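So you know, we letter chains A, B, ... as the sequences are listed, proteins then strands, and number each from 1. Given the structure is predicted, the values throughout are model-derived calculations rather than measurements.
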Amino acid sequence: MAQTIQMLTANRLKTGDVLYRHVSGWVLMLADGEVYLDAAAADAALAAAQAETVQNDFVAPYLFEVRESAGRIVPVKEREIIRAAGPTVHPHTGKQAGQYNA
Amino acid sequence: MLNPRQVEPNMYRYDEFDSKFVHERVTQFAGQVERRLTGELTEDQFKPLRLMNGLYLQLHAYMLRVAVPYGTLSSKQLRRLAHIARTYDKNFGHFTTRQNIQYNWIKLVDVPAILRELAEVEMHAIQTSGNCIRNVTADQFAGAAADEIEDPRPLAEIIRQWSSLHPEFLFLPRKFKIAVGGSPNDRAALLYHDMAVEIVRNKEGRTGYKVLVGGGMGRTPYIAQVIGEFVEKDDILAFMEAVMRVYNEQGRRDNIYKARIKILTNALGIEEMRRQVNIEFAEIKKVGTLQLPQAELDRITAYFAVPAFETGLSDAMPDAGPDFANWVRTNITAHKAPGYAIATITLKTPGQVPGDATSEQMDIIADLMDEFSVGEVRVTHEQNLVLPHVRNKDLPAIFAKLKELDFASPNAGLITDIIACPGLDYCDLANARSIPIAQKIALKFEDLDRQHKIGELKIKISGCINACGHHHAGHIGILGVDKKGVEFYQLLLGGSGAEDASIGDIMGPGFTEHEIAGAVERVVEVYLAQRNDGERFLDTYRRIGMEKFKAAAYETVAA
Ligand code: HEM
Ligand code: SF4
């Protein structure tokens, strides 16, 4: 059975923007985020982020499952697909349109 | 282009106290945001504070829910809402089933400025979230409908004032929703509210209030039951307070799913509930401080004075072509003044996101309000807008302008006039998307002749069991569920949110995103084949039951 692979996400406190963990910081696009290939790496990243919430830069960090599809990393659940892209009903808004509050 | 001269409609205006209170709340929240950003407040401390000011964190950003008390807006307020969408959001807003407006792309750092801009036009986002008495809703045709006994808005305003600051009601076991109606035709989904007041006339011809309690949607839907058959006007606050006391003392705080008054009402039984309420009511009456003097009722009622309608107007509808005639057929409702009409603007042209309006659309509707409807518009729980007081002779000009806005679809109450919650496109709690399903179904039934042939049919879609899209109350209800991260849709048939309220029956296993619109179409075909003369979809369902509909719905799915 394939390993569960995960990414870490949160929202920027000031703007609400969706963030993805990259090394010890955050990026705006899922494609630029870090992928944790095993549970230990994922849990360590989450623990580090949780400890950093006192910096008041981001809120509500959590892990979510991703998988590889045609050479790209995509979320397993529809919810995270939409969160990464923006609303499916307004394609001119959200990250899919290059917009973020930043 | 119309020439906007801002008209001030007859509606409640803040007094000094209201204005001071709302501005103080803005200042207070601005301080809280500041303290959150510097870290003086943790997220756990801040979250309940932001929710008290209508601010949620959703999938893509913060969402701000702005209260539209009992659905009434002035043109000045609508222009301000348009301005906020343009300046702080992505140029559009979403009108909701609770007659509010939501902005989906708000930055926390902008919220104090937005609330300040709202306060300037006597608006706010208080009581749109949290375990308090929420923004009171009302019949959208209040003060205009031909079938109305009395305008429900003065009472709605009195309830708002009584409930806003009431110390006992700030920390209820759970949120509490009140609706008020003034006509025997229920357009405010009264029977699905925690508490509802219907203005009624007794045998002697006197008006008073029928009070209902214990309705609700969510995971355990209930239809409200009558707790006070005829409450005298001056007793209404004492009576409502008695209901709140019984609830506040006994409502379950240990389990959020059981904390609503609907659960208490059904656990006690309506007889026992009535007995307890009457004891409290007698106590409160003895003290006497909650009696509502006629003078106070008159004072508030005066704010909502009937506009000076022109007299001597003809009741005849102008002849302006077949498209216009179609629109009149569905989107015009009888007005109490001769020669006047109520015009519903459906924000539901097939393919549109139900309830969304852009800043430009809002601005032009504000112009129409000033030009033709004494500066007033209403937001409906069906996610439409209403021009409440327009002269029949102005309707063709209004229709022409709405056509330019793509808001002239002649579909009010028809199968494409669908309610849909934000669903998984925006909502953090969602299991599945609602809006694209609404769009697909609306496009499938776009043909106007077909829509008119089908007649009144209300489809209501929620993206999860919380039921913000009223799926329990849809003639056809659709509920989004999650199966291992994939969206599925359950069908419900036979619900109603009107005076003949009923809870829809679940048909069976869910359909995929690709199957659901087809299943709805097959259900509608069964209705067309089975209906008797004059029967709406709902009537046919009530007569023949689920079986035939179910067989058809699953037909090709199984194949
Ligand atoms: C997008 C953010 C939203 C969130 C987080 C949210 C949350 C909830 C929750 C948790 C409930 C269930 C409450 C209970 O049963 O105790 C609920 C019910 C409800 N919400 Fe929402 N909602 C949202 C949007 C909306 C919108 C956009 C509307 C109007 C279209 C709406 C109108 C309602 C209504 C009518 C109910 C059911 C009535 C009842 O409380 O029984 N909500 N909501
Ligand atoms: S019904 Fe569910 S998905 Fe829809 S808005 Fe309410 S909480 Fe969100």
Side-chain angles (χ1 to χ4, degrees), chain A residues 2 4-7 9-20 26 28-30 49-67 69 74-102, chain B residues 33 35-44 46-47 55-64 88-92 94 104-111 351-354 356 420 422-439 463 480 482-487 513:
Chain A
T4 300
I5 57 172
Q6 299 180 90
M7 292 181 71
T9 183
N11 291 82
R12 177 103 63 209
L13 173 65
K14 274 188 193 173
T15 59
D17 271 331
V18 174
L19 303 172
Y20 298 98
W26 298 95
L28 284 159
M29 304 304 283
L30 181 134
Q50 272 162 348
E52 287 166 22
T53 54
V54 296
Q55 296 167 5
N56 307 303
D57 180 35
F58 61 91
V59 295
Y62 64 90
L63 294 165
F64 65 98
E65 246 183 273
V66 292
R67 63 187 171 85
S69 165
V74 291
V76 171
K77 292 201 171 180
E78 189 67 36
R79 171 194 158 91
E80 293 303 332
I81 294 173
I82 292 172
R83 228 170 133 256
T88 62
V89 293
H90 278 311
H92 64 288
T93 61
K95 293 183 175 176
Q96 59 200 343
Q99 295 177 346
Y100 35 84
N101 280 332
Chain B
V33 170
R35 299 211 312 278
R36 175 67 191 106
L37 293 173
T38 60
E40 261 178 82
L41 290 175
T42 65
E43 186 62 14
D44 286 346
F46 179 66
K47 190 173 167 187
L55 190 66
Y56 291 72
L57 184 57
Q58 291 292 296
L59 281 193
H60 312 289
Y62 290 94
M63 179 273 279
L64 182 68
Y88 303 100
D89 203 279
K90 297 196 189 299
N91 213 42
F92 67 96
H94 179 74
N104 293 305
W105 298 95
I106 295 299
K107 297 179 203 167
L108 176 61
V109 286
D110 287 339
V111 175
Q352 281 176 0
V353 174
D356 272 12
L424 192 54
D425 280 299
Y426 296 99
C427 177
D428 189 39
L429 302 176
N431 286 326
R433 285 172 294 163
S434 313
I435 299 166
I437 304 303
Q439 290 172 316
D482 168 304
K483 272 199 208 164
K484 300 198 170 124
V486 180
E487 300 160 297
E513 174 195 351

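Distance check: A:Arg83 CZ to B:Leu59 CG gives 7.0 Å after rounding to the nearest 0.5 Å. Here the straight-line distance linking atom CD1 of B:Ile435 with atom OG1 of A:Thr88 works out to 7.5 Å at 0.5 Å rounding. Distance CH2/B:Trp105 to CG/A:Asp17: 8.5 Å, rounded to 0.5 Å.
Using a 4.5 Å heavy-atom threshold, the side chains of A:Thr53 and B:Glu43 count as separate. Contact of the A:Ile82 side chain with the B:His60 side chain is registered, since non-hydrogen atoms from C-beta on lie closer than 4.5 Å. When side chains are defined from C-beta on, B:Leu57 counts as touching A:Val59, because their heavy atoms get closer than 4.5 Å.
Inspection of non-hydrogen atoms places A:Lys77, A:Glu78, A:Arg79 of residues 74-81 of chain A under 4.5 Å from chain B.
Interface remark: B:Val353 contributes side-chain atoms only to the contact with chain A (heavy atom separation under 4.5 Å). Contacts of B:Phe46 with chain A are absent, with no heavy-atom separation under 4.5 Å from either backbone or side chain. With a 4.5 Å cut-off on non-hydrogen atoms, B:Arg433 touches chain A through its side chain but not through its backbone. Of the atoms belonging to B:Asp356, it is side-chain heavy atoms, and not backbone ones, that fall under 4.5 Å from chain A. Neither the backbone nor the side chain of B:Thr42 comes within less than 4.5 Å of any heavy atom of chain A.
In the displayed structure, B:Lys47 atom NZ is contacted under 6.0 Å by at most 12 heavy atoms of other residues, nucleotides or ligands.
For B:Tyr62 (side chain) and A:Leu13 (main-chain N/O), a donor-acceptor pair under 3.5 Å exists by modelled atom type. In this structure, A:Asn56 contributes its side chain and B:Leu37 its backbone to no donor-acceptor pair below 3.5 Å.
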Applying side-chain hydrogen bond (donor to acceptor under 3.5 Å, both in side chains) to B:Asp425 and A:His90, what does each step give before you reach the verdict? CA-CA 9 Å; B:Asp425 280 299; A:His90 278 311; over 6 Å; no
